[in-house]
Amino acid sequence: MNAPLNLENLTIAVIGAGGKMGMRVSNNLQKTAHTVYYAENGAAGQERVLATGRTLTDTAIAVVDADVVVLAVPDIALGAVSAAVVPELKTGAILLTLDPAAAYANLLFQRDDIEYAVAHPCHPSVFLERHTPEEYADTFGGIAAPQDVVAAIESGDADKQIVAETVIRVIYAPVIDVHWVTVKQLAYLEPTLVETVACMIGSLLNEALKETIETVGVPAAAARAMLLGHTQVALANTLKGDNPFSDACLIAMDYGREMIIKENWKDIFNDQQLDLVIARMLHLDAVEH
């Protein structure tokens with residue numbers, strides 16, 4: 001029987017350490033007592049890693065003794081990268097990905113004697129109480145502003161979940177809570193809820209702002225001030241129930257739904273549409289389960 005791991009000093013490998021997320025998670029791991037190996041194949045990424053004073057390690061060497069291997073690579077590369085990395089892992093190691101799409105689509109190279117986990121940051125809430133300039137500046141999370149994380153571990157092994165959560169709380173620090181769900185549930189959160197809906201609406205708001213400025217001729221400062229303030233009020237009223245909308249606003253909201261929203265928009269919350277959007281994201285013909 002294997003001895004329990006020392007959660008204060010795990011061996012962790014970051015693959016893709018010079019990418020956008022690789023740099024973020026590495027910055028936090030570097031502050032800990034964990035033994036961390038940083039691997040990066042791209043020349044530009046290697047330069048970024050070396051510029052921080054971190055040492056680069058070949059992938060094969062970085063992963064061989066790792067308790068947790070973090071794949072901080074683009075979604076579309078996870079299949080190929082996992083095929084190269086997973087055969088080199090020790091029995092019982094945890095493969096941690098940062099997005100659920102590849103795991104849900106069964107693109108990760110499989111081994112029965114390792115664990116698969118995925119964890120995605122929620123990012124600091126729009127309603128987060130902030131106290132310092134650093135917290136206000138950290139809109140993405142992982143630097144100063146606290147955030148939640150949603151995660152899944154495919155085996156449901158409680159001991160491995162503890163190990164995974166230890167690393168998750170470090171790479172996305174400061175973390176308020178880690179919410180454990182299934183891989184499929186996490187896929188419905190990201191992309192469906194937050195990318196298909198929330199990020200799309202954010203983009204739509206920006207397009208509407210440009211139309212207000214460029215087509216209607218409203219001064220940019222006035223239009224932006226009105227939109228940003230009312231975006232907070234709209235979210236507070238709808239998601240927290242802070243203040244009721246006026247009767248006139250409710251009529252305008254109904255008109256907006258008629259003009260902008262398709263009647264069947266909730267179809268995005270069925271499995272066929274989830275498979276479709278993930279297949280598009282990963283440039284696949286289909287998602288196989």
Side-chain angles (χ1 to χ4, degrees), residues 7-10 12-38 40 44-56 68 70-74 96-99 117-151 164-180 186 189-190 193-195 198-199 201-203 205-206 209 220-221 224-237 239-240 242:
L7 296 180
E8 300 298 321
N9 186 12
L10 297 167
I12 302 167
V14 182
I15 311 304
K20 183 183 297 184
M21 285 305 300
M23 291 293 287
R24 287 179 178 274
V25 304
S26 296
N27 287 342
N28 284 339
L29 285 168
Q30 190 175 17
K31 303 172 186 176
T32 72
H34 298 302
T35 300
V36 187
Y37 296 99
Y38 307 98
E40 171 61 52
Q46 289 176 347
E47 290 182 7
R48 286 190 289 269
V49 173
L50 294 174
T52 67
R54 294 190 278 266
T55 301
L56 285 166
V68 180
V70 181
L71 295 188
V73 301
L96 177 62
T97 57
L98 309 182
D99 191 280
V118 54
H120 196 79
C122 294
H123 308 297
S125 169
V126 66
F127 301 122
L128 176 69
E129 183 178 347
R130 301 170 191 257
H131 303 280
T132 67
E134 291 78 14
E135 290 178 359
Y136 278 103
D138 184 16
T139 56
F140 190 90
I143 299 175
Q147 63 179 335
D148 284 350
V149 179
V150 181
E165 182 163 333
T166 299
V167 176
I168 289 164
R169 285 185 173 275
V170 170
I171 65 176
Y172 293 132
V175 171
I176 301 169
D177 201 1
V178 179
H179 306 278
W180 289 93
L186 184 48
L189 293 174
E190 162 99 16
L193 179 63
V194 299
E195 292 179 331
C199 293
I201 289 175
S203 178
L205 289 175
N206 190 49
L209 177 62
R224 179 173 292 274
M226 184 69 81
L227 177 63
L228 294 182
H230 277 75
T231 297
Q232 176 167 273
V233 166
L235 293 175
N237 291 1
L239 299 180
K240 294 185 66 178
D242 280 0

Engineer: Mind checking what makes side-chain contact (heavy atoms from CB on, under 4.5 Å) contact with Arg224, not counting sequence neighbours?
Structural biologist: Leu209, Leu228
Engineer: Quick one, Leu189 and Val194 - any side-chain contact, counting heavy atoms below 4.5 Å?
Structural biologist: no
Engineer: Atom CD of Glu129 and atom CD of Glu135: how far apart are they, to the nearest 0.5 Å?
Structural biologist: 9.0 Å
Engineer: State the NE2-CG distance between His120 and Leu186, to the nearest 0.5 angstrom.
Structural biologist: 8.0 Å
Engineer: Rounded to the nearest 0.5 Å, what separates atom CG in Asp99 from atom CG in Leu71?
Structural biologist: 12.0 Å
Engineer: What's the shortest heavy-atom distance between Leu96 and Ala119, and which atoms?
Structural biologist: CD1-N, 3.9 Å
Engineer: Got a sec, which residues hit side-chain hydrogen bond (donor to acceptor under 3.5 Å, both in side chains) with Asp242, two or more places apart in sequence or on another chain?
Structural biologist: none
Engineer: Listed by chain and number, what are the ring pair (Phe, Tyr, Trp, His ring centres under 6.0 Å) partners of Phe140, not counting sequence neighbours?
Structural biologist: His123
Engineer: Please list all pairs passing the side-chain hydrogen bond (donor to acceptor under 3.5 Å, both in side chains) test where one or both residues lie in residues 165-178, with sequence neighbours left out.
Structural biologist: Glu165-Arg169, Glu165-Trp180
Engineer: Among pairs that include at least one residue of residues 15-31, which meet salt bridge (Lys or Arg N to Asp or Glu O under 4.0 Å), considering only residues two or more places apart or in two chains?
Structural biologist: none
Engineer: Using a 4.5 Å cut-off on heavy atoms from C-beta on, say whether the side chain of Ile12 contacts that of Val167.
Structural biologist: yes
Engineer: If you apply the rule side chain to side chain contact (heavy atoms under 4.5 Å, CB included), what do you find for Val170 with His34, and how did you get there?
Structural biologist: CA-CA 10 Å; Val170 170; His34 298 302; 4.3 Å; yes
Engineer: Counting C-beta onward and ignoring hydrogens, is there a side-chain heavy-atom pair between Ser26 and Val36 closer than 4.5 Å?
Structural biologist: no
Engineer: Do you know the tightest heavy-atom contact between Ala164 and Ala117?
Structural biologist: CB-CB, 4.4 Å
Engineer: If you define the side chain from C-beta out and look only at heavy atoms, does anything of Val149 sit under 4.5 Å from His179?
Structural biologist: no
Engineer: Can you list the residues that meet the side-chain hydrogen bond (donor to acceptor under 3.5 Å, both in side chains) rule with Thr139, with sequence neighbours excluded?
Structural biologist: none
Engineer: Is there side-chain contact between Val14 and Ile171, with heavy atoms separated by less than 4.5 Å?
Structural biologist: no
Engineer: Just wondering, do Asp148 and Val178 contact through their side chains at under 4.5 Å, heavy atoms?
Structural biologist: no
Engineer: Testing the basics here: between Leu128 and Ala145, what is the closest heavy-atom pair and its distance to 0.1 Å?
Structural biologist: CD2-CB, 3.9 Å
Engineer: According to side-chain contact (heavy atoms from CB on, under 4.5 Å), who are the partners of Gln46, at least two apart in sequence or on a separate chain?
Structural biologist: Glu40, Leu56
Engineer: Return the set of residues passing side-chain hydrogen bond (donor to acceptor under 3.5 Å, both in side chains) with His230 (not counting sequence neighbours), or none when no residue passes.
Structural biologist: none
Engineer: Without hydrogens or angle criteria, can the side chains of Asn27 and Thr52 be said to hold a donor-acceptor pair below 3.5 Å?
Structural biologist: no
Engineer: Output the distance between atom CD1 (Ile201) and atom CG (Leu205), rounded to the nearest 0.5 Å.
Structural biologist: 7.5 Å
Engineer: Could you tell me if the side chain of Thr35 sits less than 4.5 Å from the side chain of Leu10, heavy atoms only?
Structural biologist: no
Engineer: Working to the nearest 0.5 Å, report the span between CG of Asn9 and OG1 of Thr32.
Structural biologist: 8.0 Å
Engineer: Mind checking what makes side-chain contact (heavy atoms from CB on, under 4.5 Å) contact with Phe127, not counting sequence neighbours?
Structural biologist: Ser125, Leu235, Ala236, Leu239, Lys240
Engineer: Mind checking what makes side-chain contact (heavy atoms from CB on, under 4.5 Å) contact with Gln30, not counting sequence neighbours?
Structural biologist: Tyr38, Arg54
